[in-house]
**Q** 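Sending over a structure as structure tokens; questions will come in a sec.
So that the names make sense, note that chain A is the first sequence line, chain B the second, and so on, each numbered from 1.
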2 protein chains.
Amino acid sequence: MGTERRSRGTHEAALTIRDVAERAEVSVATVSRVLAGNYPVAAKTRQRVMRAVRELNYVVNTHARALAGVRTETVAFVLNDVRGPSFSAAAYGVEREANQRGRLCLICTTEGDQERELAFMQLMREQQASAVILIGGVRDDEQYRERYTEIAQGLHAVGSRLVLCGRPSLGADVPATTVEYDNEGGAYAITTNLLANGHRRILYLGGMLEHTTSVGRLLGYHRALADFGVAPDPTLIEHGEFTRVSGYERTRAWLQQGAGRFTAIFAETDMVAAGALAALEDAGVRVPDDISLVGYDDIELASDLRPRLTTVHVPYEELGRTAVRLAIDLKEGRSREGDQHVVLGTHVVVRQSVARLHH
Amino acid sequence: MGTERRSRGTHEAALTIRDVAERAEVSVATVSRVLAGNYPVAAKTRQRVMRAVRELNYVVNTHARALAGVRTETVAFVLNDVRGPSFSAAAYGVEREANQRGRLCLICTTEGDQERELAFMQLMREQQASAVILIGGVRDDEQYRERYTEIAQGLHAVGSRLVLCGRPSLGADVPATTVEYDNEGGAYAITTNLLANGHRRILYLGGMLEHTTSVGRLLGYHRALADFGVAPDPTLIEHGEFTRVSGYERTRAWLQQGAGRFTAIFAETDMVAAGALAALEDAGVRVPDDISLVGYDDIELASDLRPRLTTVHVPYEELGRTAVRLAIDLKEGRSREGDQHVVLGTHVVVRQSVARLHH
DNA sequence: CTGTTAGCGCGTTCAT
DNA sequence: ATGAACGCGCTAACAG
């Protein structure tokens with residue numbers, strides 16, 4: 001009781017460094033120095049200050065500190081949905097790496113809305129985040145491109161690194177780091193697996209071609225066919241959403257109208273594969289005995305399905321970690337601009353959803 | 001070209017409101033007013049300012065703005081792992097509700113480390129977050145309790161709301177909001193389901209009793225047994241981790257040593273149930289024909305398993321949304337302290353993993 | 001309607 | 001080793 005504080009004792013009146021200084025009977029400068037620990041202070045004085053801090057339950061004000069030039073390093077990660085198994089694995093990687101390096105990690109969800117992504121990037125500019133990491137497909141609008149470029153330059157201007165995960169560069173005038181994984185190689189490898197098992201007519205349940213992910217995977221599929229001397233059948237190539245229901249619906253439609261036209265299905269994501277599997281199951285089609293099925297991403301679900309899904313492993317967590325690492329290393333000058341494009345490898349995980357075709 | 005800026009043109013030199021003012025040939029106050037939009041400004045002046053802002057690609061500095069009293073409202077959500085299906089659903093709810101109300105959402109992962117949770121709460125104090133939402137079990141250490149209390153009071157002092165999701169209150173002297181769901185009721189209901197199907201010896205694969213979640217669920221189990229006049233067998237109650245491997249290992253051990261002692265398994269989470277199912281499958285035990293199995297949480301996985309898992313639905317997304325809503329409503333005076341404890345309902349989702357017992 | 005100016009809380013010279 | 005004073009970029013009185 002009785003210490004005279006300047007304001008009424010209500011809430012909202014946060015303690016300042018001055019309160020601590022008064023209580024410890026030192027100047028604010030001394031308190032600042034004790035807290036920062038970057039300057040010699042007499043042991044006894046330090047004790048007094050620390051005691052006052054504890055007794056008052058004081059913490060610094062981040063904003064004031066930032067304004068004075070000492071920033072709380074923050075890494076921002078932007079994705080469309082935290083619940084998505086693959087991106088959440090990337091988020092986990094970002095989180096771990098950021099924390100390990102003493103950075104705060106901020107996660108934002110866009111629900112696929114480009115506007116929100118842009119707004120969030122602006123916000124990060126305002127907050128002077130040390131890095132902004134973007135993941136997930138984008139429509140490659142010419143109009144959006146311009147806005148991205150502008151904001152990206154703004155980020156660069158405040159020393160904030162922009163990292164694009166599996167996304168096309170914004171052009172030479174926008175300094176950004178790119179981390180991706182080998183979509184094409186993975187698709188090639190798993191298509192090869194089907195081909196080696198005798199499959200020739202492979203239904204391709206793809207995503208939208210605006211997404212570079214889809215482009216890469218489809219490319220791998222085609223290259224594998226070409227290498228096996230199989231002429232691709234364009235009518236077997238489908239485009240749709242990367243969702244379970246999309247996989248279900250599309251497969252059901254094919255079973256009704258195009259049954260017999262294919263012996264295997266390549267689903268562009270495990271989620272789509274899960275939907276496809278459910279449709280096959282509902283139609284009484286056995287996997288892999290009647291139809292073989294492969295996915296892509298190797299999310300946990302892949303080994304929960306029955307049969308366990310043969311798929312392509314994508315190192316999502318590593319993707320997140322790498323993004324953070326590159327951003328920080330570059331900021332601290334431990335890396336040259338030249339290192340700023342990394343492609344992580346993918347590989348096939350063989351499980352039980354592919355059968356050798358006997359004809 | 002040739003506008004004279006005060007610093008060398010390198011990076012790191014962010015634009016200030018003054019740059020904009022100079023370019024628009026107005027005072028900084030006018031720029032501030034245009035940007036805030038909370039004060040009359042002549043249309044022509046506004047135009048000039050906006051043009052300068054665009055041309056310069058300027059954004060405000062959050063920290064300076066915060067220091068001057070205008071905060072970017074931020075909601076912080078703390079959980080152990082973004083990849084966990086149930087908590088990530090809660091995170092999604094938090095995200096959505098926060099964004100919908102114009103708040104920034106910050107997500108932090110602790111990996112189960114209480115120290116990190118505490119550190120993060122401190123950080124949020126420093127950042128003056130408008131709300132901090134905690135989810136996940138805690139060990140109810142007397143020592144931790146004290147530290148939580150201290151930080152919680154600190155949060156309160158800066159007007160930051162603390163919300164505990166499914167976690168015991170920190171005591172009457174710590175103002176906090178609690179949102180939980182009915183663990184006991186759900187466990188009661190699903191146990192009842194097993195009992196109604198004739199099961200009497202139900203192996204209980206539980207979590208650690210330090211977690212209130214486990215306490216609640218076990219309570220429901222016991223109450224259901226009591227209501228059916230079944231004497232509980234303490235040796236059928238197991239405690240362990242909430243992981244898939246734990247479920248697998250524990251079930252395997254039981255199959256080797258205690259087979260025949262139970263006709264059904266109640267796994268305290270779907271993850272544990274998934275592990276149990278795998279163990280049963282590997283041992284050639286059919287579900288539900290030989291052994292019935294139920295879980296808890298109703299994560300997506302529950303309907304991917306074969307057989308589809310009968311489980312208790314927990315409204316995780318709603319939990320997150322409610323947490324945010326309560327915090328904001330209270331801050332804005334739209335709610336009284338009395339409303340600050342909400343219990344959401346749970347219900348059984350009947351699928352295919354329980355069979356009627358014929359003996 | 002617009003400009004001037006005094007803080008917001010902290011880090012950091014420069015004196016002492 | 002410690003203290004006094006200025007400035008970080010912005011908002012909000014107060015004048016005009």
Side-chain angles (χ1 to χ4, degrees), chain A residues 5-7 12-50 52-53 56 58-72 123 125-128 154 157-159, chain B residues 5-7 12-50 52-53 56-73 123 125-128 154 157-159:
Chain A
R5 294 257 290 291
R6 51 185 159 48
S7 53
E12 308 287 327
L15 292 162
T16 78
I17 200 174
R18 221 196 306 277
D19 297 307
V20 178
E22 278 176 21
R23 181 164 190 115
E25 297 179 296
V26 295
S27 73
V28 292
T30 303
V31 176
S32 174
R33 291 197 266 253
V34 169
L35 261 36
N38 55 3
Y39 206 84
V41 172
K44 278 194 71 168
T45 315
R46 158 177 286 107
Q47 302 288 322
R48 277 220 312 287
V49 172
M50 290 311 287
V53 167
L56 256 33
Y58 163 88
V59 290
V60 292
N61 179 327
T62 302
H63 303 302
R65 168 180 277 179
L67 197 53
V70 181
R71 296 204 181 117
T72 303
L123 208 54
R125 263 184 85 183
E126 298 177 3
Q127 306 238 358
Q128 328 258 60
V158 291
Chain B
R5 294 257 289 289
R6 51 185 158 47
S7 53
E12 309 287 325
L15 292 162
T16 77
I17 201 174
R18 218 188 320 265
D19 297 308
V20 179
E22 278 176 20
R23 181 163 190 114
E25 297 176 297
V26 294
S27 71
V28 292
T30 302
V31 176
S32 174
R33 291 196 268 253
V34 169
L35 262 35
N38 54 4
Y39 206 85
V41 173
K44 279 194 71 168
T45 316
R46 156 176 285 107
Q47 302 287 321
R48 278 221 310 290
V49 172
M50 290 311 286
V53 167
L56 256 32
N57 196 8
Y58 163 87
V59 290
V60 292
N61 179 328
T62 302
H63 302 302
R65 170 179 276 179
L67 196 53
V70 180
R71 297 204 180 117
T72 304
E73 301 274 345
L123 209 54
R125 262 184 85 185
E126 297 177 4
Q127 306 237 359
Q128 328 258 60
V158 292

**Q** Can you check side chain to side chain contact (heavy atoms under 4.5 Å, CB included) on B:Thr72 and B:Gln127, steps first, answer last?
**A** CA-CA 10 Å; B:Thr72 304; B:Gln127 306 237 359; over 6 Å; no
**Q** Separation of B:Arg71 atom CZ from D:dC10 atom C1', in whole Å?
**A** 14 Å
**Q** In terms of side-chain heavy atoms of A:Asn61, which of D:dG3, C:dG9, D:dC10 is nearest?
**A** C:dG9
**Q** Is there a side-chain contact between A:Glu126 and B:Asn61 in this structure, where contact means two heavy atoms from C-beta onward sitting under 4.5 Å apart?
**A** no
**Q** Of the listed nucleotides (D:dG3, D:dT11, D:dA13), which one gets closest to any side-chain atom of B:Val70?
**A** D:dT11
**Q** In residues 34-44 of chain A, which residues come under 4.0 Å of DNA chain D by heavy atom?
**A** A:Tyr39, A:Pro40, A:Val41, A:Ala42
**Q** Flag the pair A:Ile17 / A:Val60 as yes when at least one side-chain heavy-atom distance between them is below 4.5 Å, and no otherwise.
**A** no
**Q** Could you check how far CG of B:Leu15 sits from C1' of D:dC8, rounded to whole Å?
**A** 15 Å
**Q** Nearest whole Å is fine: how far is C:dC10 C1' from B:Gln128 CD?
**A** 13 Å
**Q** In Å and rounded to the nearest 0.5 Å, what is the OG1 to CD distance from B:Thr45 to B:Glu25?
**A** 11.5 Å
**Q** Whole angstrom is fine here: how far is it from CZ in A:Arg18 over to P in D:dA5?
**A** 12 Å
**Q** Looking at D:dC10, C:dG11, D:dT2, which one has an atom nearest to any side-chain atom of B:Thr16?
**A** D:dC10
**Q** Using only atom types and a distance under 3.5 Å, with no angle test, would you say the side chain of B:Arg48 pairs donor to acceptor with the backbone of B:Ala24?
**A** yes
**Q** Ignoring hydrogens, what is the shortest heavy-atom contact between A:Val20 and A:Val53? Give both atom names and the distance.
**A** CG1-CG2, 3.8 Å
**Q** Roughly how far apart are A:Tyr58 OH and A:Arg23 CZ, rounded to 0.5 Å?
**A** 15.0 Å
**Q** Of the nucleotides C:dT2, D:dC8, C:dC10, which has the atom closest to the B:Arg33 side chain?
**A** C:dT2
**Q** What is the distance from CG of B:Leu67 to P of D:dG9, rounded to the nearest Å?
**A** 12 Å
**Q** Just verifying a value: how many Å separate A:Leu67 CG and B:Leu67 CG, rounded to the nearest 0.5 Å?
**A** 5.5 Å
**Q** I need the CD-P distance between A:Gln127 and D:dC8, as an integer number of Å.
**A** 21 Å
**Q** With sugar-phosphate meaning primed atoms plus P, OP1 and OP2, does A:Val31 contact a base, only sugar-phosphate, or nothing at under 4.0 Å between heavy atoms?
**A** nothing
**Q** I'd like a table of donor-acceptor pairs (distance under 3.5 Å, sequence neighbours excluded) in which one partner is a side-chain atom from residues 26-39 of chain A, with atom names and distances.
**A**
unit_1  : atom_1 : unit_2  : atom_2 : d
A:Ser27 : OG     : A:Ala29 : N      : 3.4
A:Ser27 : OG     : A:Thr30 : N      : 3.4
A:Ser27 : OG     : A:Thr30 : OG1    : 3.3

**Q** Between B:Glu22 (CD) and D:dC10 (P), how many Å, whole number?
**A** 13 Å
**Q** Distance check: side-chain N/O of A:Thr45 vs OP1/OP2 of D:dT2, anything under 4.0 Å?
**A** yes
**Q** Scan A:Ser32 against the nucleic acid and name what it touches under 4.0 Å (heavy atoms): base, sugar-phosphate only, or nothing.
**A** base
**Q** Angle, rounded to 10°, between the helical axes spanning five pairs at each terminus of the helix from C:dC1-D:dG16 to C:dT16-D:dA1?
**A** 40°
**Q** Look at B:Ser27 and C:dT4 and indicate whether a side-chain polar atom (N or O) is within less than 4.0 Å of OP1 or OP2.
**A** no
**Q** Atom CZ of B:Arg71 and atom CD of B:Gln128: how far apart are they, to the nearest 0.5 Å?
**A** 4.0 Å
**Q** Which of the following nucleotides, D:dG3, D:dA13, C:dG11, is nearest to the side chain of A:Ala29?
**A** D:dG3
**Q** Taking CD1 from A:Ile17 and P from D:dC8, how many angstroms apart are they, rounded to a whole number?
**A** 19 Å
